[in-house]
Peer 1: 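To start, I am sharing the structure in question, which I have written as structure tokens.
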Amino acid sequence: AQAKREAAAADAQRKREEAQAKREAAAAEAQAKREAAAKATKAEQTVAAAKPSVTISLFGFGGQQDTEEEPVKKARTKPAPRGVPVLSRWRLNRDGSISGFISGSPSFEDGDAITTSAIAKGDVVGGNIVQTGSGSRYYLDAATEKSGSSRGGGFSLFGRKKAVKTVDTDKKDVADTRAQKAAEAEAKREALAQAKAEQAAKRAEAADAKRAAAAQRATEAQAKKEAAAAEAKAKREAAAAEAQAKREAAAAEAQAKREAAAAEAQRKREEAQAKREAAAKASQAEQTVKTASPGATISLFGFGQKSESATEAPSKPAPKARPAPRGVPTISKWRENRDGSISGFISGSPAFDDGDAITTSPIAKGDVVGGNVVQTGSGSRYYLDASSSASGSSLGGGFSLFGRGKENSSPSVKVAPAKKVAPVQKPSRSISLKAAPSKAKVNKRAPPGVPSMVKWRKNRDGSVTGFISGSPAFEEGERITTSPIAKGDISAGEVVQTGSGSRYFLV
């Protein structure tokens with residue numbers, strides 16, 4: 001665009017200069033005609049006013065004097081400098097201008113007939129450089145100088161010489177030819193400028209089209225790159241999601257296996273403990289019978305069955321069952337364990353699949369009754385299904401010499417321990433085989449935030465090995481071994497602390 005503006009400005013400047021040259025040539029030609037007319041009028045007036053037989057010299061009016069001519073100054077011929085137009089077949093006009101055929105000019109075509117403005121500097125001699133008043137310079141060709149100048153020509157009382165007329169006619173023809181050629185040159189220049197403008201417009205249009213095509217290709221390439229990147233990202237995300245799902249499924253399966261193994265081990269231990277207790281009671285009863293005196297009455301109610309004389313404390317009525325609150329997992333077919341925890345099948349939990357068998361950590365809040373919501377020491381809450389609790393609890397059951405006593409059918413209702421009733425003294429001798437009250441069972445609960453350890457044992461180095469629950473660092477029922485215990489009594493119902501500061505409640 002800048003090049004177009006500069007070209008247009010240069011073209012306009014050239015046209016202004018040509019117009020200025022034409023105006024100067026026309027003004028010079030008009031001035032020459034006025035001077036010639038004035039000289040002719042003055043000559044006629046002089047002849048009319050002269051007396052008869054008077055000799056009149058007319059050399060001052062139009063012809064050359066018979067006097068001796070001044071010697072012509074011969075200028076040394078020199079070649080045309082570079083950039084200076086050359087005038088061939090030139091001639092000097094009356095007004096001091098020069099007419100001829102120009103070549104080597106940027107404003108005219110070679111061979112154009114022109115007339116300069118009046119010469120201001122330089123000798124008008126072939127081989128010289130002359131300069132007009134406007135500053136234009138021309139080199140006068142010495143080899144093609146015309147033999148005659150327009151300054152010559154005589155005057156006669158019988159009329160003007162034919163040469164004068166011929167000069168006027170030549171000037172007119174030259175002017176017409178010059179104007180025609182100037183018009184033709186102007187038309188050619190305009191056509192050339194138009195062609196150049198059209199060519200420049202075509203080039204600009206082609207460049208714009210190329211730029212648009214390149215931009216389109218760049219946009220398409222960018223779109224392809226973005227689509228490929230999005231596809232690769234989607235594949236990576238799908239692969240990561242699939243791998244995460246596999247890891248979660250494997251972790252859930254491993255957790256379920258560990259919990260099932262822990263529940264099975266707990267059940268076996270409870271069954272073995274119950275067998276040992278029953279065997280111990282049976283052995284004690286047999287020993288008592290053996291050591292009793294003949295004919296003595298033996299009371300066996302304390303060994304396997306509840307004493308008929310003992311008054312059972314009224315059980316706490318079960319509260320009315322409530323539906324499970326929203327967001328609280330439900331435990332079905334549950335039972336309360338010896339350590340205060342609950343085993344059953346869970347549903348509605350985001351951490352387990354529905355139907356998974358679990359064992360909670362010891363219950364810290366809430367009545368362990370069907371239809372209630374209970375809470376562990378770690379803050380986990382569970383709803384105990386009232387309609388599907390297990391048929392028996394692992395807490396106990398009676399003992400009889402003739403077999404195990406009936407187990408309590410409702411593990412959800414806690415029965416207060418039977419009050420001791422003093423036996424009625426009878427005259428006959430009687431021996432009570434009721435076992436002396438053993439040391440009270442530790443029934444402490446884990447403090448809030450302290451993990452519990454069940455089925456634990458003390459190792460030689462002072463550490464403890466067992467199954468942990470209620471710990472944010474381990475899974476429920478995971479088997480661990482602590483570092484050596486630094487504080488606390490390593491016994492059931494106590495809180496111990498390792499050298500690193502970790503605390504555990506021993507169930």
Side-chain angles (χ1 to χ4, degrees), residues 214-267 323-334 341-364 373-385 388 446 448-455 463 465-483 498 500-505:
Q216 180 66 21
R217 287 194 297 271
T219 303
E220 292 176 355
Q222 182 65 22
K224 288 182 179 179
K225 288 182 181 177
E226 293 177 354
E231 185 178 359
K233 184 179 180 182
K235 287 182 179 179
R236 287 194 300 271
E237 291 177 351
E242 185 178 357
Q244 180 65 20
K246 287 182 179 179
R247 286 193 296 270
E248 292 176 354
E253 185 178 359
Q255 176 67 16
K257 287 181 180 179
R258 285 193 296 270
E259 291 174 353
E264 181 64 19
Q266 177 69 15
R267 183 184 62 77
R326 182 178 297 177
V328 178
T330 300
I331 297 180
S332 305
K333 300 180 182 179
W334 56 271
S341 63
I342 293 176
S343 296
F345 298 93
I346 197 167
S347 60
S349 170
F352 301 95
D353 291 336
D354 290 351
D356 281 354
I358 69 162
T359 298
T360 69
S361 54
I363 301 302
V373 176
V374 293
Q375 183 175 332
T376 64
S378 62
S380 300
R381 301 171 68 210
Y382 302 96
Y383 173 76
L384 303 179
D385 189 6
S388 60
V450 178
S452 299
M453 288 187 67
V454 298
K455 302 167 193 168
S463 62
T465 299
F467 297 91
I468 195 168
S469 61
S471 170
F474 300 97
E475 296 182 355
E476 296 290 321
E478 187 173 352
R479 186 175 183 274
I480 69 165
T481 298
T482 69
S483 53
T498 64
S500 62
S502 299
R503 302 171 66 207
Y504 302 95
F505 176 72

Peer 1: So, taking the atom named CZ in Phe474 and the one named CD1 in Ile480, what distance separates them when rounded to the nearest 0.5 Å?
Peer 2: 5.0 Å

Peer 1: At what distance, to the nearest 0.5 angstrom, does CD1 of Ile468 lie from CD of Glu476?
Peer 2: 8.5 Å

Peer 1: Would you say that Met453 contacts Thr482 through its side chain, given a criterion of any heavy-atom pair below 4.5 Å between the two side chains?
Peer 2: yes

Peer 1: Side chains of Ser361 and Pro451: closer than 4.5 Å at any heavy-atom pair?
Peer 2: no

Peer 1: With sequence neighbours excluded, tell me which residues meet salt bridge (Lys or Arg N to Asp or Glu O under 4.0 Å) with Lys246.
Peer 2: Glu242

Peer 1: How about Asp385 and Ile331: do any of their side-chain heavy atoms sit closer than 4.5 Å?
Peer 2: no

Peer 1: In Å and rounded to the nearest 0.5 Å, what is the OG to CD1 distance from Ser341 to Ile363?
Peer 2: 7.5 Å

Peer 1: Could you tell me which non-hydrogen atom of Phe345 sits nearest to which non-hydrogen atom of Ala357, and how far apart they are?
Peer 2: CE2-CB, 3.8 Å

Peer 1: Between Asp354 and Gly348, is there a donor-acceptor pair closer than 3.5 Å when you use the side chain of the first and the backbone of the second?
Peer 2: yes

Peer 1: Please check if the side chain of Thr360 supplies one atom and the backbone of Ile342 the other of a donor-acceptor pair under 3.5 Å.
Peer 2: yes

Peer 1: Which atom pair, heavy atoms only, marks the closest approach of Val373 to Tyr383?
Peer 2: CG2-CD1, 4.0 Å

Peer 1: Please set out all donor-acceptor pairs under 3.5 angstrom arising from side-chain atoms of residues 220-227, sequence neighbours excluded.
Peer 2:
residue : atom : partner : partner atom : Å
Glu220  : OE2  : Gln216  : NE2          : 3.2
Gln222  : NE2  : Glu226  : OE2          : 3.3

Peer 1: With the side chain counted from C-beta on, respond yes when Phe467 and Thr359 share a heavy-atom pair under 4.5 Å apart, and no when they do not.
Peer 2: no

Peer 1: Checking the side chain of Gln375 only, and the main-chain atoms of Tyr382 only, is there a donor and an acceptor separated by less than 3.5 Å?
Peer 2: no

Peer 1: According to side chain to side chain donor-acceptor pair (under 3.5 Å), who are the partners of Thr481, at least two apart in sequence or on a separate chain?
Peer 2: Thr465

Peer 1: Please tell me if the side chains of Val374 and Trp334 come closer than 4.5 Å, counting only heavy atoms from C-beta onward.
Peer 2: no

Peer 1: What distance do Asp356 atom CG and Ser347 atom OG have between them, rounded to the nearest 0.5 Å?
Peer 2: 10.0 Å

